[in-house]
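Note that the structure is predicted; figures quoted are calculated from it, not measured.
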Amino acid sequence: MPFASSSSRPRFLRRAPDSDEESESSSSYSGEDDFEEDFPEEVVAEEERKEDTADEVAPGNRKRPPPITISLKKVCKVCKEAGHEAGFKGATYIDCPRKPCFLCKMPGHTTMSCPHRIAMEHGVIPAPVRNTNTALDYIFNRQLKAKIPKIKPVFVVPDQVDCGLIRFHSRRVTCLEFHPTKSNILLSGDKKGQIGIWNYNKQHERTIYGSIHSCIVNNIKFLPGNDAMLYTSSSDGTVSCTDVETGTTTLLLDLNPDGWNGAAAWKMLYGMDVNIEKGVLLVADNFGYLHSVDVRSNVQTGEPILIHKKRSKVVGLHCNPVQPDLLLSCGNDHFARIWDARRLDIESCLASLAHRRVVNSAYFSPMTGNKIMTTSQDNRIRVWDSIFGNLEYPSREIVHSHDFSRHLTPFRAEWDPKDTSESLAVIGRYISENYDGVALHPIDFIDTSTGKLVAEVIDTDVTTISPVNKLHPQDYLMASGSSRSVLIWKTRQEDWQTKKGQERNPKQFIFRTEKKSNGKNDSDSDGDSDIGCKGKQYKAKKRQGHFTKGDSKKS
DNA sequence: AAGAAATGCTCCC
DNA sequence: TGGGAGCCCTTTCT
């Protein structure tokens, strides 16, 4: 830095007793001389500036670049106060002690010492038990309880990467869907509006449709009985129907027919689901309204209906798998709501499930449709065990790190569609864990009936966060979207729980696509297939053959 | 290799 | 009731 030549050598240049390489790099600077001559006095240490500013600023209003301040004091980058530091130390993140716990959001402790982090049951908050003795309880006990399996099956967790397309998309992945009939086909949507189609058993059978949407694809859905067409909703305000084979697209709904009239007027479509009985596609927008499209005539039916707070985003819609007229919605007004689709108006809401923050997703359980699971930005997964019971409070709240970050696709806990006990859920984790010196973000499998963490799935090739995860409806595999990449995970073996330490099978392939900016093809050049940037230590460990997945993690 | 950008929700007035 | 500042574990590119 130019201060090196200024007449009075500032005292901060002296190497502090515990300082490291920072002052070295300062003095080695050989910057521009002009700058140095013109503004030598601008560069001052923080403490000195406080004393001198009055004299310096007063004479004239000479146009000057903003003063550069340099301090070697330890300053927390989170709360900006001195005396402590927060951030990564190696692969371990040190919390700012002045902020509430990053996991459970309660003050008085940090993430490391959070009781929910070390709890056996992964931080379940039991809800009060209420015996309401209503007619609904009677119906539940009489008609439904017997159908719920008593013995819990062994959970099967897809725990190792089988194959993947690194940087398949040009922006982060926002949604995933398996093809309903053609085995091995994965559909993926991204933030840019592109839709990827990939046969994950064949590395090179993949396509990107780039002109269906102009921004975030929020949903990809197939209609029962029609495996040729995919339906997509997007933040460009449209619903489209696309032929999987040809890519030809029909526009079904456009909420911005007059184009751009400013951000305040732009409508976006988030939640989407199909009411099979009625043959309608339901979509919800960022103004609190529900729209429906008849899928036989491909025209909009009825008027939009306000189902959440006006001008708030409705991010999720789900039709009950057993009773399609039962609709579940959720959104930015901190509520999840149950509706009778035959009578939709804001007064006829069957139940409003309150949350402390934005609700990212709300799903009925996949088989009986009798449970509800929601993911909220207050770092809690909530489960209601029976939609016929008392819905005032959830049956359980499971503390889990899936915070909001504007740079990430919102996390959504999803049911395992193959689990007959309707208790296994999958969700990506936001905060990292130090796995043998490498910070990784696992994909968590949670038994929602107990809150127990069944498995935390990692792969050393995946250093980025995986917010989008989809379990296959029939096969024991999972697709995940992590940054711009898509991956397929399979189970190591049937009884994976008992043979944890066994050797991994080699991956089929991880195909790394070209960097798009300069056209330089760096694939296969170095053999590294990291998809994140925290790779330094990881690469070093990998070269030494140091890293095995069975290793215990540090904590 | 440090820095900037992208950009959604909350809080506060 | 709304506009604007501010923001804790990102990821990518320069």
Asks: Do A/Arg357 and A/Asp403 sit within salt-bridge range, that is, some charged N less than 4.0 Å from a carboxylate O?
Replies: no
Asks: Take atom CG of A/Asp403 and atom P of C/dC9, then tell me their distance rounded to the nearest Å.
Replies: 10 Å
Asks: Given A/Leu487, which of A/Asp459, A/Leu186, A/Val462 fulfils the side chain to side chain contact (heavy atoms under 4.5 Å, CB included) condition?
Replies: A/Val462
Asks: With rounding to whole Å, what would you report as the distance between C/dC9 and B/dC11 at their C1' atoms?
Replies: 22 Å
Asks: Taking only side-chain nitrogens and oxygens of A/Lys313, does any of them come within less than 4.0 Å of OP1 or OP2 of B/dC9?
Replies: yes
Asks: Of the listed nucleotides (B/dC9, C/dC8, C/dC9), which one gets closest to any side-chain atom of A/Val78?
Replies: C/dC8
Asks: What integer distance in Å separates A/Leu440:CG from C/dT11:P?
Replies: 11 Å
Asks: Whether A/Ser483 contacts C/dT12 is assessed here as follows: a side-chain N or O lying under 4.0 Å from the phosphate OP1 or OP2. Is that the case?
Replies: yes
Asks: Supply the atom-to-atom distance A/Cys114 SG to A/Leu103 CG, rounded to the nearest 0.5 angstrom.
Replies: 4.5 Å
Asks: Give the rounded distance in Å between these two atoms: OH of A/Tyr435 and C1' of C/dC9.
Replies: 14 Å
Asks: Round to a whole Å and report the spacing from CE of A/Met268 to C1' of B/dC9.
Replies: 13 Å
Asks: Where the side chain of A/Thr464 is defined as all heavy atoms beyond and including C-beta, which of B/dT10, C/dC9, C/dT11 is the nearest nucleotide?
Replies: C/dT11
Asks: Between C/dC9, B/dT10, C/dT12, which nucleotide has the shortest distance from any of its atoms to the side chain of A/Val358?
Replies: B/dT10
Asks: May I ask you to say what A/Ile465 touches in the nucleic acid, namely base, sugar-phosphate or nothing, with a heavy-atom cut-off under 4.0 Å?
Replies: sugar-phosphate
Asks: Check side-chain contact (heavy atoms from CB on, under 4.5 Å) between A/Ala413 and all other residues, then give those that pass, not counting sequence neighbours.
Replies: A/Met373, A/Thr375, A/Ile381, A/Ile427
Asks: Can you build the contact string for nucleotides 2-7 of chain B? Use B for base contact, S for sugar-phosphate-only contact, and - for no protein heavy atom under 4.0 Å.
Replies: ----BB
Asks: For the pair A/Glu177 and A/Lys221, find out whether any cationic side-chain nitrogen is under 4.0 Å from an anionic carboxylate oxygen.
Replies: no
Asks: Would you kindly give the NZ-to-C1' distance between A/Lys105 and C/dC7, to the nearest whole Å?
Replies: 11 Å
Asks: Starting from P on C/dC9, measure out to NZ on A/Lys77 and report it in whole angstrom.
Replies: 6 Å
Asks: Whole angstroms only, please: what is the CG-C1' distance between A/Asn434 and C/dC9?
Replies: 12 Å
Asks: Whether A/Asp285 and A/Lys267 form a salt bridge (side-chain N of Lys/Arg under 4.0 Å from carboxylate O of Asp/Glu) is what I want to check.
Replies: no
Asks: Need one value for A/Asn332: base, sugar-phosphate or nothing, where a base atom within 4.0 Å counts as base even if backbone is also close, heavy atoms only.
Replies: sugar-phosphate
Asks: Once you round it to whole Å, what is the distance between C1' of B/dC11 and CZ of A/Phe404?
Replies: 14 Å
Asks: Taking only N and O in the side chain of A/Arg311, is any of them less than 4.0 Å away from OP1 or OP2 of C/dG3?
Replies: no
Asks: Using a cut-off of 4.0 Å on non-hydrogen atoms, how would the nucleic acid contact of A/Pro467 be classed: base, sugar-phosphate, or nothing?
Replies: nothing
Asks: Using the side-chain contact (heavy atoms from CB on, under 4.5 Å) criterion, which residues pair with A/Ser234? Sequence neighbours excluded.
Replies: A/His213, A/Cys215, A/Asp236
Asks: On the ring face of A/Tyr93, is A/Lys89 found with NZ or CZ under 6.0 Å from the centre and within 45° of the axis?
Replies: no
Asks: Using the closest heavy atom to pick a nucleotide of DNA chain C for each, name whichever of A/Lys80 or A/Ser466 lands nearer the 5' end.
Replies: A/Lys80
Asks: For a quick test of reading the model: is some side-chain N or O of A/Arg171 closer than 4.0 Å to OP1 or OP2 of C/dT10?
Replies: no
